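A short write-up of the structure that comes next.
The chains referred to below are lettered A, B, ... by the order of the sequence lines, with proteins before strands, and numbering in each begins at 1. None of these values were measured; they are calculated from a predicted model.
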Protein chains: 2
Amino acid sequence: MSDGVELRELRYFRAVAEELNFTRAAERLGIAQPPLSRTIRAMERRLGVRLLDRSSHGTELTAAGAVLLEQARLVLTAADAAVQRTVRAGRVEPRLVIAAQPSGHGGLLQRLVDQYHSSGVWPSAEVALGGWGAPTAMLREGRADVALLRDPFDPQGLDFEVVATEPRVAVLPHTHRLIAAKLLCRQDLAGEPVPRWRSEGHREAAYRAAVDHLPPEHPLPPGPEVNNLMELLEMVALGQGVAFLSESTAAQHRRADLVHVPVSDISPSRIYVAWPQGSRSPAVAAFVRCCLQEEEWPTD
Amino acid sequence: MSDGVELRELRYFRAVAEELNFTRAAERLGIAQPPLSRTIRAMERRLGVRLLDRSSHGTELTAAGAVLLEQARLVLTAADAAVQRTVRAGRVEPRLVIAAQPSGHGGLLQRLVDQYHSSGVWPSAEVALGGWGAPTAMLREGRADVALLRDPFDPQGLDFEVVATEPRVAVLPHTHRLIAAKLLCRQDLAGEPVPRWRSEGHREAAYRAAVDHLPPEHPLPPGPEVNNLMELLEMVALGQGVAFLSESTAAQHRRADLVHVPVSDISPSRIYVAWPQGSRSPAVAAFVRCCLQEEEWPTD
DNA sequence: AACGATTACGCCATACGTAATCATG
DNA sequence: CATGATTACGTATGGCGTAATCGTT
């Protein structure tokens, strides 16, 4: 039983497994092919497992290789995160870095930061904004300590709690037949196209549109793809679809040519506070405590 | 920005941080002190962070060092797990390893394994038993794929679902004043000593006794320490305390000198199925599906 | 032939150990 | 002075690059 692997080996393997080509992988790593080839073979011999099928028609992952690729990504991310967190903890004046998506929380983020600051002499807070998926990545990579997230997010490696729940509204063009309604249900809007997020290039973005805006039992009418909130609202204004946004998001982006109508039977939007699993940081704990004292979202 | 760390450095640092003494750490690692000292210093210089306070009165961790110790443990565990999972995935006939505590689930485990086996041509299942804390450790270290767990467990790095819920009973000596009762509430037994688990040497064992057997608002009457279930029952039989066990556990260990009485207001015992976070294994998914089809626990 | 992976071989970086040095109670 | 960390220095393991070889299409 040889004792283990080194990160260098995992970095090399990841490159090969992702490129499925030793030459390109070596280029990407900035080394020559032979050491790469040797390192992978040595690892295979040491573990007693074939990781790659080197057939004539190119290189393929074996089942074991697929497992190692997945695992190697986790280990390498964790190693980078370890360094990041250590360096940040060692700064003379450490900061609590709060990651969040821009303009998604109304005054909530501001209130939480204020409350956190007024709660004592903890490291001062600093907000880092990023698009969908960025806050969770920052947590995993050790570049942020805590994050405010909207409903569908990848919980891998994170702990989280619900901070607030708020109903969603339908955003309709002002020419829509239903703008006079006080309350809609999903059925009233069945068949209306719903724009889809394409923004961050993630597969999950499509998923987000589906899960975030509609319960899964409703089929999703295909709508135009949009890259951000402004495009989304423009699409709606142009009559290309309807959008379902949380009240606060909608309220922050009022337009004369759009109307908001509450919807009764859509899953409410939830805001979570999340942090790296097992974080022992007192500052994180203090911020989370602030979050959990937060009231239900005020309904305007 | 130097690119990162190597596992060797993290292994070295962990040894020093745990021993708080370079000499002992070097012995533990099987190397001489100088390379150890140099490696740590090099790491400090590269990261630009002091990890250890080397004062006269011994070596202490800095705040950053404490963070790195915690992180290093995670990374090293993840790296070992990566190897284990890869090796197991590469076996000619891979097995689904199910970790569980011995004799804690009545026929549940057997039923689940049978159901899993009859559900198709997946890798065959193999059960690995271990004391409290062992199943979760096996999952984290890549030595098991999935586990059946009882209520208080450390969820770090795991995903889980509830499989079954069952009420608890009080286990009383047959000489007890309340053996004729059909149903007790916690108040009836207030002040009775409750034996505590000492078994696995974990701090968590005490926590277990508290959270598992009693809601936290009840103060825990100090009871004798026991190492296993047999000792626990013996203590109860000797009149040294009362125990609160799940129905199925109690049922599997009937004794002529013990009586079981249902308790109304104690949190029920839950059985979970858990697996490494983000596991993509189809075999694990199949087993979890079997678990979720499981009915509520039959009440005898 | 051409492309991609592997083996052969010489070089250099770096991790190691021994021994000497420093700092502190 | 004794204990424990660091610096100095010579050695050697092993990871790298260049060049040659193998194996497919």
Side-chain angles (χ1 to χ4, degrees), chain A residues 2-62 64-65 68-69 72 76 79 83, chain B residues 2-62 64-66 68-69 72 75-76 79 83:
Chain A
S2 49
D3 64 323
V5 292
E6 280 300 326
L7 288 186
R8 182 183 56 90
E9 297 177 303
L10 294 182
R11 285 189 267 261
Y12 285 12
F13 176 75
R14 181 174 59 176
V16 175
E18 283 173 358
E19 300 287 345
L20 292 176
N21 177 312
F22 281 74
T23 309
R24 281 198 302 276
E27 278 169 20
R28 191 173 113 183
L29 292 166
I31 63 171
Q33 296 93 330
L36 181 57
S37 185
R38 263 181 282 135
T39 302
I40 302 296
R41 285 216 99 84
M43 192 161 49
E44 288 182 321
R45 216 151 12 86
R46 186 148 35 84
L47 302 185
V49 174
R50 281 260 306 263
L51 301 171
L52 297 163
D53 269 331
R54 301 143 172 98
S55 80
S56 336
H57 304 282
T59 305
E60 297 281 333
L61 282 174
T62 64
L68 186 58
L69 174 57
L76 292 168
V83 171
Chain B
S2 48
D3 66 323
V5 291
E6 280 301 324
L7 287 187
R8 182 182 58 91
E9 297 178 303
L10 295 182
R11 283 189 268 262
Y12 285 11
F13 176 76
R14 180 174 61 177
V16 174
E18 283 173 357
E19 300 286 345
L20 291 177
N21 177 312
F22 281 74
T23 310
R24 280 199 303 276
E27 279 169 19
R28 191 173 115 184
L29 293 166
I31 64 170
Q33 296 92 330
L36 181 56
S37 185
R38 262 181 283 131
T39 302
I40 304 295
R41 284 216 100 83
M43 193 161 46
E44 288 182 322
R45 212 149 20 80
R46 186 148 34 87
L47 302 185
V49 174
R50 282 261 304 265
L51 301 170
L52 298 162
D53 269 331
R54 302 143 173 98
S55 80
S56 335
H57 304 284
T59 306
E60 297 281 333
L61 282 174
T62 64
L68 185 57
L69 173 58
V75 172
L76 292 168
V83 171

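- Rounded to whole angstrom, the span from the CD atom of A/Gln33 across to the C1' atom of D/dG17 amounts to 11 Å.
- The two residues B/Ala64 and B/Arg50 come nearest to each other via the heavy atoms CB-O, 3.9 Å.
- Applying the salt bridge (charged side-chain N to carboxylate O under 4.0 Å, His left out) test to A/Arg41 and every residue at least two apart in sequence or in another chain returns nothing.
- Taking atom CD of residue A/Glu60 and atom P of nucleotide C/dG4, one finds them 16 Å apart after rounding to whole Å.
- Taking only side-chain nitrogens and oxygens, B/Ser37 never comes nearer than 4.0 Å to OP1 or OP2 of D/dA5.
- Here D/dG15 presents its P atom at 13 Å from CD1 of A/Ile40, a figure rounded to the nearest Å.
- Counting any heavy atom pair closer than 4.0 Å across all strands shown, A/Ser55 reaches no nucleic acid atom.
- A straight line from CG of A/Asp53 to P of C/dT6 spans 12 Å, rounded to a whole angstrom.
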All N/O donor-acceptor pairs, side-chain side in residues 13-21 of chain B, below 3.5 Å, sequence neighbours left out:
residue, atom, partner, partner atom, Å
B/Glu18, OE1, B/Arg28, NH1, 3.3
B/Glu18, OE1, B/Arg28, NH2, 2.7
B/Glu18, OE2, B/Arg73, NE, 3.1
B/Glu18, OE2, B/Arg73, NH2, 3.1
B/Glu19, OE1, B/Arg24, NE, 3.3
B/Glu19, OE2, B/Arg28, NH1, 3.1
B/Asn21, OD1, B/Thr23, N, 2.8
B/Asn21, OD1, B/Arg24, N, 3.0

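- In this structure, the CD atom of B/Glu19 is 16 Å from the C1' atom of D/dA5, given to the nearest Å.
- A sub-4.0 Å separation between OP1 or OP2 of D/dA5 and a side-chain N or O of B/Thr59 is present.
- Taking the side-chain contact (heavy atoms from CB on, under 4.5 Å) definition, one finds that B/Ser37 meets it with B/Phe22, sequence neighbours left out.
- Remark: A/Ala32 engages A/Pro34, A/Pro35 in a side-chain contact (heavy atoms from CB on, under 4.5 Å) (not counting sequence neighbours).
- Under the rule for a salt bridge (charged side-chain N to carboxylate O under 4.0 Å, His left out), the partners of A/Arg54 that lie at least two apart in sequence or sit in another chain are A/Glu44.
- When the options A/Asp53, A/Ile40, A/Leu52 are evaluated for a side chain to side chain contact (heavy atoms under 4.5 Å, CB included) with A/Thr59, the one that passes is A/Leu52.
- Not a single salt bridge (charged side-chain N to carboxylate O under 4.0 Å, His left out) links B/Arg45 to another residue, sequence neighbours left out.
- In this structure, B/Leu52 places its CG atom 16 Å from P of D/dG4, rounding to the nearest Å.
- A/Arg50 places its CZ atom 14 Å from the C1' atom of C/dT6, with the value rounded to the nearest Å.
- Atoms CZ (B/Arg41) and P (D/dG4) sit 18 Å apart, rounded to a whole Å.
- Remark: A/Glu60 pairs with no residue by the salt bridge (charged side-chain N to carboxylate O under 4.0 Å, His left out) rule, at least two apart or across chains.
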Protein-nucleic acid N or O pairs under 3.5 Å, nucleotides 23-25 of chain C:
residue, atom, partner, partner atom, Å
C/dT24, O3', B/Ser56, OG, 3.3
C/dG25, OP1, B/Ser56, OG, 2.5

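- Of the side-chain N and O atoms in B/Thr23, one or more sit less than 4.0 angstrom from OP1 or OP2 of D/dA5.
- With D/dA8, D/dA5, C/dA5 as the choices, the nucleotide that has an atom nearest any side-chain atom of A/Asn21 turns out to be C/dA5.
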Expected rows: protein N/O vs nucleotides 10-16 of chain C N/O, under 3.5 Å:
residue, atom, partner, partner atom, Å
C/dA15, O5', B/Arg8, NH2, 3.0
C/dC16, OP1, B/Tyr12, OH, 2.2
C/dC16, OP2, B/Arg8, NH1, 3.4
C/dC16, N4, B/Arg38, NH1, 3.4

